[in-house]
Structures are given as C-alpha cells and as structure tokens.
Amino acid sequence: MSALTEKPAITLTPAAPPTRQKRARVLLALLAAGLAVAVLVGAGAGALPVPVASVLGVLGHKLGLTTGWAFEPQQEAVVWAIRLPRVVLAVLVGAALGLSGAAMQGLFRNPLADPSLLGISAGASLAAVAVIVLEEKVLKLVSALPGSAGAGAYVLPLAAFAGACATTLFVYRVSRQGGRVLVSTMLLVGIATNGLAGAVTGLFTYAATDAQLRSITFWGLGSLGGANWPAIATLLPFVAGPLLWLPRLGKSLNLLALGEEQAAHLGLPVARVKWQVIGLTTLAVGASVALVGTIGFLGFLVPHVLRLLAGPDHRFILPASALGGALVLLLADTLARTAVAPAELPIGILTALLGAPVFLWIVLKKATKTA
Amino acid sequence: MLQANSLTYRIGPKGLLQNVSLTARPGEVLAIVGANGAGKSTLLKVLSGDLKPSAGEVVFEGKPLAQWPPAALARRRAVLTQQHTLALAFQVRELALLGRYPYFGGQPTAHDHAVVAAALDLVGLRQLAEREYPTLSGGEQQRAQLARVLAQVWEAEKGFLLLDEPLTGLDLRHQHHTLAVARQLARRGFGVIAVLHDLNLAAQYADQVLMLHQGRPVASGTPAEVLTPDYIQLGFGIEVELLAHPSLGGPLIVPTVNMPF
C-alpha cells in the first residue's frame with residue numbers, strides 16, 4: 001500500500017506479454033499465410049486445373065516480373081480473366097463482411113449483432129428485389145436520363161447500395177432522441193426495419209412473374225459468378241476505406257465494452273466512433289451486397305470463432321476477422337464452383353450450410369463446459 | 001479543485017437535484033451520503049459530466065467541465081460508476097489495461113504494463129490477473145474495475161477520483177482497504193468524491209461529508225458537524241446515538257430503535 005504515498009513507486013518488472021496476446025499474433029500470421037495459399041489454390045482450381053507454379057507464373061508476368069515458372073497462354077487466359085477476378089472478389093467481400101460483423105458486434109456490445117440485424121442487408125435486398133420486379137419501368141426511367149447508355153447493368157447494384165445507405169440513415173435518424181443515439185434503441189429500430197423491409201420485399205415477390213422469381217431467389221442466395229475486373233474496380237473504392245480504417249478502431253471498441261459513459265470517461269469521443277463504425281460498415285456491406293447478393297452467417301460466425309480462439313481484444317479481432325472472412329468466403333466459393341461442376345452451388349447456401357452446424361457445435365461445447 | 005455551483009437536475013417536472021453546491025479540494029476525501037433515492041448517484045453523474053445539469057454548472061480546475069477536452073480530462077480524472085457492464089470476456093489484466101488507453105497510441109508500453117501490475121497488486125488481484133472478468137465474484141469484479149480506474153490516474157498530479165458506491169459487494173476488509181487507498185491518494189494530493197452508504201465508514205475516512213435528502217442538501221461540513229443524530233434523523237428517518245469508538249476515538253453511529261412492523 002505504500003506505493004501510493006509519494007510518487008507511484010513502480011519497482012515491478014513488466015509482466016511478460018500475456019499468453020493470449022501471443023496466441024493472437026500467431027493466429028494473425030497463420031490467417032495471412034492461409035489466405036495467400038487459398039488465393040493460389042483458388043486461382044488454380046476449376047474445370048481446367050492450373051498448377052500453383054503456373055498461377056505464380058501468370059501473376060509474375062502480369063506484374064512485369066520474369067519468373068522461372070512456365071505457363072501456357074490458355075492458362076493465362078483462364079487464370080487472369082476468369083479465376084483471379086473471382087478470387088479477388090471473394091477476398092474483398094469476405095474481408096468486408098467479416099470486418100463489418102466484428103465492428104458491429106463491438107459497437108453494439110452484443111456478440112449477436114451483425115449488419116443484417118440493423119436492416120442494412122434487408123434494405124439492400126428490398127431495393128434489389130424492387131428493381132428486379134419493376135425492371136422494365138426502372139430501365140425505361142434510367143435510359144431516359146441523358147448520357148446513361150449502358151447504365152442498365154449498374155442499376156441493380158446501385159439500387160442495392162442506395163437501399164443499404166437509406167436504411168442505415170433511416171434507422172439512425174429514428175433512433176436519435178434528444179441529440180443522442182441510444183444503441184439499444186437502434187437495435188430495436190433495426191429489428192422493426194428488418195420486419196418492414198421483409199414485408200415489402202414479400203409484397204414485390206408476390207407480384208413477381210415466374211422469371212422474376214427465379215432472379216429474386218438467385219440474388220437472395222448470393223453468387224460471386226458475376227466477377228470480372230470492372231466489377232472489382234466498382235467495388236474497390238467503396239470497400240477500400242472501411243478495410244483500411246475500421247481495423248484502426250480496435251482501441252475504441254475495446255473501451256466501448258465498458259459502456260458508453262465509462263468509455264467517455266476514458267477520453268473516447270463516443271459519438272464520432274459510432275458514426276465511423278456505422279458509416280463505414282454501411283459502405284462496405286452495401287457495396288458487397290450490391291455485387292454478390294446476401295451472404296449469411298459470415299459476419300457473425302468469423303469474429304465469434306476468433307474470439308473463442310484468442311480472446312476478445314478488438315485490436316486483434318478486427319484485422320483477424322477481415323483475414324478470416326476473406327479466407328472462409330474464398331474457400332467456400334472455391335468449393336461452391338468445383339463441388340458439383342460444371343454446375344455451381346449458390347454461395348449463400350454453402351456458407352449457411354457449413355456455418356450453422358459449426359456454430360451450433362461451438363455453442364453446445366461451450367454450454368457443456370460451463371454447465 | 002472541483003466545484004459545483006447551485007446544481008439543479010430535473011426530468012420533466014420532477015426535480016432530482018435542487019440547488020446543490022459543493023467544493024472538493026485536492027487532498028481531501030468528500031463523502032456524499034443520504035437515503036436511497038436522495039439523489040447521490042444523480043449528483044455524481046452530474047459531477048462527472050454524464051448528465052448535464054438543468055441549472056448551475058460544474059467547474060473543474062477553474063474551467064467548466066464541458067470545456068475540457070475529453071482526452072485531457074481522462075488523464076486527470078477517473079470515474080467509477082455503479083454499473084459494471086463489461087460486454088466482452090476480458091481478462092482482469094486486459095480490463096485494467098483499458099485504464100491506460102488514454103496514454104498509449106498503438107501498443108501499451110512496458111511502463112503501462114507495470115502500472116497495471118501495480119494497480120492489480122494494490123487491489124489484491126495480482127493472482128487473478130489472467131482470469132476472465134465474468135468468472136470473478138461480484139466483489140472481485142468491483143476491485144478489478146477499481147484497479148482500472150486507479151491505473152488511469154496512477155501518476156496524475158492533483159488527479160481526481162469520482163466513486164459511486166465503490167464498496168458495493170466488498171467484504172469488510174476490502175471495504176476498509178478501498179477507503180484506505182482513497183485516503184492515501186488524497187495524501188498524495190488527489191481529490192476523492194465517493195458516494196457512501198455506511199455512515200461509520202464516512203465518519204472514519206472522509207474529510208468532508210455532504211448529506212442529501214430528496215435532492216436537497218441537508219448539511220455539509222466535517223463528519224463531526226454533519227453526522228449528528230439530528231441530521232441523520234432528518235436525512236434517513238431513523239434515530240441514532242453516537243458512541244465513542246472504543247479504539248479510534250471517533251464517533252460510532254448506532255441505531256437506537258427497533259423498526260416497527
């Protein structure tokens with residue numbers, strides 16, 4: 001107790017870094033390495049298998065390097081034009097969804113939170129379904145705009161993105177009471193918004209023709225099949241910001257675990273952090289859903305598993321969720337397009353089919369441990 | 001110095017605080033006492049800035065509280081609130097390290113780790129440093145949060161500590177230990193404001209006592225001036241007698257009636 005009478009006498013040798021932190025560092029390195037391997041394997045797998053050495057050769061060639069790895073022109077065409085865009089898309093979308101899920105869980109102090117809980121995905125889906133059903137009318141409207149030749153292809157993703165942003169703004173505004181946004185209120189408003197968007201989506205589905213129904217179903221299950229370099233160029237500006245900025249909020253989200261008031265007493269600008277997390281996740285999720293449809297379970301499962309493995313520190317969870325989300329989605333997509341080749345499984349089915357049992361197993365194992 | 005000038009706090013027509021003033025000086029422990037619902041916690045929330053007063057203002061070191069940059073304030077003043085929500089299963093060490101967040105950018109330094117270890121030592125949780133917070137008992141959780149708050153202002157000059165019922169869930173030894181820590185911090189030049197329930201502990205450890213009743217100040221001054229049978233009858237509605245403490249010399253407050261049922 002005498003340590004406090006004068007200046008704090010700190011004679012203790014600093015503690016060795018806790019084991020959890022060491023494990024977190026190892027896990028991050030493993031995830032990064034695993035992702036690199038998965039990219040090479042994913043770019044090689046398919047109807048025309050390309051050996052990893054040739055994939056490396058193509059990559060080197062495109063980067064202007066001369067490598068010793070030989071490849072054939074056909075392999076180059078397949079890897080560069082078809083496989084790599086899809087691999088890159090899976091990595092970007094997976095990272096965006098994993099990271100957004102982790103950030104939302106941190107913000108809402110709830111391990112069950114994920115962007116779909118706030119209605120972001122539902123809003124995007126509603127807009128997309130509306131566009132599918134009202135296709136002709138919407139396209140007529142768009143083509144009437146000056147300088148919009150060929151814009152038709154972008155209508156669906158743009159609408160989905162706008163739907164995501166509009167929903168977030170709506171939820172945020174409704175949850176504002178007396179200049180403050182209560183996170184608990186926001187969750188409830190998000191649930192109500194989900195119901196509302198679901199109902200209106202149902203209305204559109206009810207009015208849809210058979211052909212439109214097929215598009216709606218397909219879109220709702222998610223697919224990375226539309227991947228090409230222009231699509232990635234469209235996505236990149238929207239996800240680059242969130243992917244670079246969200247991982248920097250680890251300390252802030254750790255403080256928020258104490259509750260907003262205590263976090264504020266530790267110097268955290270709570271309102272600004274809220275805005276950043278909500279804005280950045282909306283950008284990332286909205287753009288992802290716009291391009292690939294809704295992919296369930298990823299943003300929720302990946303952070304959860306990582307937390308079980310190496311603790312809840314957001315300085316680790318955020319980057320690890322980005323890497324983990326990218327890895328899982330890439331593996332799932334590689335499986336989806338090779339398992340029943342030449343047909344293709346919708347990716348949303350696969351992530352839920354694999355994710356739900358894994359998650360159940362974790363929950364039950366944890367329950368028996370504590371019981 | 002932390003000053004509150006004629007604070008009033010209302011929700012709708014209901015006044016939770018009416019015209020409360022106080023001055024907490026460095027080197028002193030100020031105890032806020034009163035019956036349940038007297039406005040103690042509300043007052044502490046207004047003093048800490050969680051609630052904005054309907055009238056009056058809080059001035060910290062000559063500057064209105066609202067004008068303090070949050071980061072600078074965090075390095076001078078720590079607040080321990082009553083509810084200890086912790087959404088994540090942090091280890092005790094990780095929790096205490098949150099108190100050092102205002103000091104480091106990316107990674108905690110060896111010094112931060114040392115302060116955390118010393119703070120955990122002080123509250124007697126060194127052995128439980130690797131334990132996950134949700135697995136602790138209520139009293140241990142309270143002490144872990146205290147360690148976090150202590151780590152936050154460990155080296156502050158003329159720091160301030162605001163504690164809302166810091167003794168909840170603590171056993172007898174740790175109740176005294178916590179207040180002894182507060183006393184020692186005061187000796188080092190800290191100002192400490194604590195909401196306390198136990199009048200005997202307030203009498204033993206506080207330099208100043210403020211008694212609230214239905215949101216209004218009943219009395220303020222030294223423990224001897226405030227903790228009298230008359231004021232306690234007024235503030236708590238119970239008759240007490242003051243005995244001389246057999247060994248410490250101060251007063252011992254003892255209820256003299258059996259409650260009628």
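The structure displayed is predicted, hence computed values, not measured ones. The analysis underlying the following values was restricted to heavy atoms, covering all of them including side chains, and did not include hydrogens, waters or symmetry mates. Here is how names work: the chains are called A, B, and so on, in the same order as the sequence lines, proteins then strands, and each is numbered from 1.
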Using side chain to side chain contact (heavy atoms under 4.5 Å, CB included), reason through Arg148(B) and Leu266(A) one step at a time and then give a plain yes or no. CA-CA 10 Å; Arg148(B) 165 177 69 79; Leu266(A) 280 156; 3.6 Å; yes
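- Put simply, the side chain of Glu94(B) never gets that close to the backbone of Pro312(A): no donor and acceptor are under 3.5 Å apart.
- For Arg248(A), no part sits under 4.5 Å from any heavy atom of chain B, backbone or side chain.
- For Leu162(B), no part lies near chain A; criterion is any non-hydrogen pair under 4.5 Å.
- Residues Thr81(B) and Gln262(A) bring a donor and an acceptor atom of their side chains to less than 3.5 Å of each other.
- Residues from residues 62-79 of chain B that place a non-hydrogen atom less than 4.5 Å from a non-hydrogen atom of chain A comprise Pro70(B), Ala71(B), Ala74(B), Arg77(B), Val79(B), given in numerical order.
- Contact tally against chain B (heavy-atom pairs below 4.5 Å) for Asp313(A), Leu258(A), Leu268(A): the top residue is Leu258(A).
- The backbone N or O of Gly106(B) sits nowhere less than 3.5 Å from a side-chain atom of Lys251(A) that would complete a donor-acceptor pair.
- Counting heavy atoms from C-beta outward, Glu132(B) and Arg20(A) have side chains that approach closer than 4.5 Å.
- Using a 4.5 Å cut-off between heavy atoms, Thr135(B) does not touch chain A at all.
- Looking only at side-chain heavy atoms (C-beta outward), Arg109(A) and Leu88(B) stay at 4.5 Å or farther from each other.
- For Phe104(B) against Arg315(A), the heavy-atom pair with the smallest separation is CE1-NH1, 4.1 Å.
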